[in-house]
Undergrad: 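Shown below is the structure under consideration.
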Amino acid sequence: MMVWIILALMTGAAVLAVLWPLGRDRPEDAAGETATDAAFYKAQLAEIERDAERGLIEPADAETARVEAGRRLLASNRRARAIVAADPGAGRRRLAAAVALIGVPLVSLSVYLTIGHPALPDMPLGARADRARPDMSMAQAVARIEDHLAKNPDDGRGFEVVGPVYLSAGRYADAERAFASAIRLLGESAARLENLGEAQVGLADGVVTAAARASFDKALGLDGRLVKARYFRAVAAEQDGDKARALQLFGELAAEAPTGTPLKARLDEKVAALGGAPVSAPRDETAETLASMPPADRMAAIRGMVEGLDARLSQNGEDPEGWLRLVRSYMVLGEAEKARNALARGRAALALDGAGLKRLEALGRELKIEGS
Amino acid sequence: MIVELGHYALVLALALSLVLTVIPAWGAHTRDAALMGVARPAAFAMLFFTAASFVALAAAYVGSDFSVLNVFQNSHSAKPLAYKISGVWSNHEGSMLLWVLILAIFAGLVAWRGAAMPRRLLSYVLSVQGAIAAAFFLFILLTSNPFARVMPAPFEGEGLNPLLQDPGLAIHPPLLYLGYVGFSVAFSFAVGALLEGRIDAVWARFVRPWTLLAWAFLTLGIAMGSYWAYYELGWGGWWFWDPVENASLMPWLAGTALVHSIVVMEKRDALKVWTILLSILAFSLSLIGTFLVRSGVLTSVHSFASDPARGVFILCILVFFIGGGLTLFAWRAPVLRQGGLFAPVSREGALVLNNLFLAAACAAVFIGTLYPLALEAVTGAKISVGPPFFEATFLPLIVPLLLLVPVGQTLAWKRGDLLGVLQRLSAAFGLAFVGTIIVFATTRGGPVAAPLGVGLGFWLILGSLSEITSRSHRRGASVLTVLRRAAGLPRAAWGSAIAHAGVGVTVIGIAATAWGVERIATLKPGEQIALGPYQVTLEGVVPRNGPDYREVAALMVVRDGDRVIGRVEPGKRTFIARTTATSEAGLLTVGLGQIYASVAEVGAADGSAGVRLYWKPWVLLIWLGSVAMAAGGVLSLSDRRARVAAPARRAVPAAVPAE
């Protein structure tokens, strides 16, 4: 409510600034140009007097200058016409007043209501920190740790604490830097290397890059039981098109995973997708239906889904996620030719989407598809 | 709420600028005093609401209100307060708001000082000013709104580009904009005169202070930008003929010509049409400068904003005002009463020569800057026009001009006596000549042009001094009388002398760069290298921490013989929020020269550092001279006397013209 009152007052002030001079009688302007011109040339004459008195110019020069100034004054008098002072312009003035009274609020309100957000309050950081909002405490903690790290960049423990928060927030670049710093400062450990790898995968939009694989391999060299590292190694094998190895790695993980957990469900899905036997009941319906089919039918069903995606993207190609999935799917299905074709079409469809195109190119390189 | 009130204030300022465009011009056209009376209050109100809007945005920056998109993108809560404030204009949207705020300030100032001005002229001037403001308000609101909000509000900002987190950059844009936008007043006066169909000495009298003010600010802005590039970009150069630099040089050259031609007009009622044209051109070049920098057509260190929609919008503004101004000029200029003719050998004749040279130099820079862009737009070919072009075209135009400056300063109005002038300048010329010989004899290395350049600088400084002394000196007068008379000289005379001497100082600084020494080396800790007259030793490479960056610094000691004269500590900084690196030059000022060090590579296993070292004798003169030029301009502007040329009656040295 308050905001509307102030907006109204501001509008009123703006309108008044225009109306007020229109309502004033200004006899002093009636003299018009002549007055200001005369003042100017009189000042010039006075100046010449002063200079002559101080001896800055010779008396004869002063005389010439005086004559010149006087001549200009006369010339300006001849040119000038009086300015209309009173009544003939009454209609004009009413029109001008109407413009101010209606035009100013009309323009300002119609523009502002289109682009403004009058109901939105200010949110200075100080005021927000006072409000206890649970979802912000984590962000605040991160901000505080960042502050601390900016001042003490040699505190490896700080990086180790903040890294997982970055990971879960999807800030992969920050996460990668944090874990790299922690490793640099505190030395390598299985957990740090594993997290570093995960951040690197996140940075590459889910592609297990060579760098990420090196991190996971190193981590597994220190501790062979790490679940995340093994999972991503399996994903890497899958992305390489090495289905047998991927199936084996996922199968091992699925066998170890406790039943009823999301991890278990996800692993079972993977195994099923790769054509392996389900280790236990899969979670969602599609996968369930798929899993219950005989292997040949299952492959056909999966192909059908991929082709559906293909058809959809052919019609509406502005979907980087879709293209990434399609290319990856064809590679997993072992159809390098179709993958290459999808990559090329995706590239064309995403020509205007710089970020999406970059991700697609990266995927192409990562999967070693020719022509990328 | 403050943010939204600021947003609304900006919209109201737009509405008022439209009123200011229409009503006073209508009043002036119909000679209606009441309608013309709207001009001043409307200009004040527009200034008030624009300022309120700017303050609201600044408050959002200071309070780190990340619900404002612009604040989120360009600020960070951990940033020092000074950079939070300078962050307001370090980005595209905020800098355009600053641009239009300065425009409103100039409109307000004209309105404030305008009580003594002829009413119709004032009304036309403020109307044009309102029209320019309206175009930029629309530009801001439609394509670059600094008050756009984000919901939900992020918790931390993305930080300011570290390259821009620097005191130089906090001051450089406001100064430059004060210069650019200041020329809008000259433009408005020119268009006003064309609309009114009347132009005379009174017009020149009222436009002169504004032009001088804009020119002085532009001079400072360019000098500041040049110094910033010198110490921040790490190449040790002070002028790169970069298109962005040229964009500010072009209005400066046109403005310099304008400042001089206005004097002719005020004193002699001549050069009217040319002055009008220059006024239009100076502001047009300012607009082109804004366009080049803001539209992102250039890709260089300066272009941190690019968006085709914006570029097209600015292009439309450009076409409208430049095209409109020139069309109006072609249509109305013949109506203006021509001023009197004058003799070629006279002060005004010399000023015409000055204008010719400056205009030609400006055209050379214009072609060198815009030709590559036009070529790329038409054929797609990318060519780069670099220093060789500008040295081949700009220097041959500027050097003769500088040689003639003292002669022009000494010539009398109306009828000059070239022989008498040369006699009076013979002492200055002789001293400059001797100075050149001394410089030639005492320096080694460097091209022959360098001592000649220094000699040119001497000639400019001594020529300016000679003007002051000859005006205060009478045969047989005591020293006290001479000093009293010198102090009694008009401030405009002093201003002109100081500004021209400033040119000389800058020329000496530029010429002296030829004696600079450059060394590129990889130094191990403890290793020493000779740099001109000095020896530089690398002590070691150490990591350091700043408030929001980490730095690897190369610590170096500078010795003159065995005596330690100082240290330089160039470094490479990594800013944490943006993970960008900048290189920080190490500077040691020795007299008026500087030792400049920057780091190319650090972090080798043996602790060595790849460094670039420069010894730049007298380099500070380049910027000190610019400051003197600006100071001269301000001094001259503070001289509020009405001026008329008293002609030299006879050509005797004793007959001195009153400034």
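Note on naming: letters A, B, ... go to the chains in the order of the sequence lines (proteins, then strands), and numbering restarts at 1 for each one. Reckoned from all heavy atoms, side chains included, excluding hydrogens, waters and symmetry mates. All values derive from a computational prediction rather than experimental measurement.
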Undergrad: Quick check on B:F147 against chain A: is it the side chain, the backbone, both or neither that has a heavy atom closer than 4.5 Å?
TA: neither
Undergrad: Looking at CG of B:L12 and CE of A:M10, how far apart are the two atoms once the value is rounded to the nearest 0.5 Å?
TA: 5.5 Å
Undergrad: Of the backbone (N, CA, C, O) and the side chain (C-beta and beyond), which part of B:A52 lies under 4.5 Å from a heavy atom of chain A, both, or neither?
TA: neither
Undergrad: Answer whether the closest heavy-atom distance between the side chains of B:H7 and A:I115 falls below 4.5 Å.
TA: yes
Undergrad: Please report the interatomic distance OG(B:S67) to NE2(A:H117), rounded to the nearest 0.5 Å.
TA: 10.0 Å
Undergrad: Between B:F49 and chain A, which part of the residue has a heavy atom less than 4.5 Å away: side chain, backbone, both or neither?
TA: side chain
Undergrad: Do any pairs count as a ring-ring contact (aromatic ring centres under 6.0 Å, His included) and have a residue in residues 15-44 of chain B, sequence neighbours left out, and if so which ones?
TA: none
Undergrad: Give me the atom names and distance for the closest heavy-atom approach of A:P21 to B:P41.
TA: CG-CG, 3.7 Å
Undergrad: Is B:I23 close to chain A through its backbone or its side chain, or both, or neither, when contacts mean heavy atoms under 4.5 Å?
TA: side chain
Undergrad: Below 4.5 Å from any heavy atom of chain A, which atoms of B:V19 appear? Answer side chain, backbone, both or neither.
TA: side chain
Undergrad: Among the options A:L109, A:L106, A:D154, pick out the one with the most heavy-atom pairs lying under 4.5 Å from chain B.
TA: A:L109
Undergrad: Please rank A:V3, A:I6, A:L7, A:V107 by heavy-atom pairs under 4.5 Å with chain B and give me the top one.
TA: A:L7
Undergrad: Could you look at B:L16 and say if it's the side chain, the backbone, both or neither that has a heavy atom under 4.5 Å from chain A?
TA: side chain
Undergrad: Any chance you could measure A:Y112, atom OH, to B:L10, atom CG, to the nearest 0.5 Å?
TA: 11.0 Å
Undergrad: For chain B, which candidate among A:V104, A:V111, A:T11, A:V99 shows the most heavy-atom pairs at distances under 4.5 Å?
TA: A:T11
Undergrad: Counting only non-hydrogen atoms closer than 4.5 Å, does A:A14 touch chain B with its backbone (N, CA, C, O), its side chain (CB onward), both, or neither?
TA: both
Undergrad: How far does OG1 of B:T30 sit from CZ of A:R92, to the nearest 0.5 angstrom?
TA: 3.5 Å
Undergrad: A quick test of your reading: do over 12 heavy atoms of other residues, nucleotides or ligands sit less than 6.0 Å from CG of A:L357?
TA: yes
Undergrad: With no hydrogens and no angle check, is any side-chain donor or acceptor of B:D65 less than 3.5 Å from a backbone partner on A:D122?
TA: no
Undergrad: For B:E4 versus A:P118, what's the shortest heavy-atom pair and its separation?
TA: OE1-N, 3.8 Å
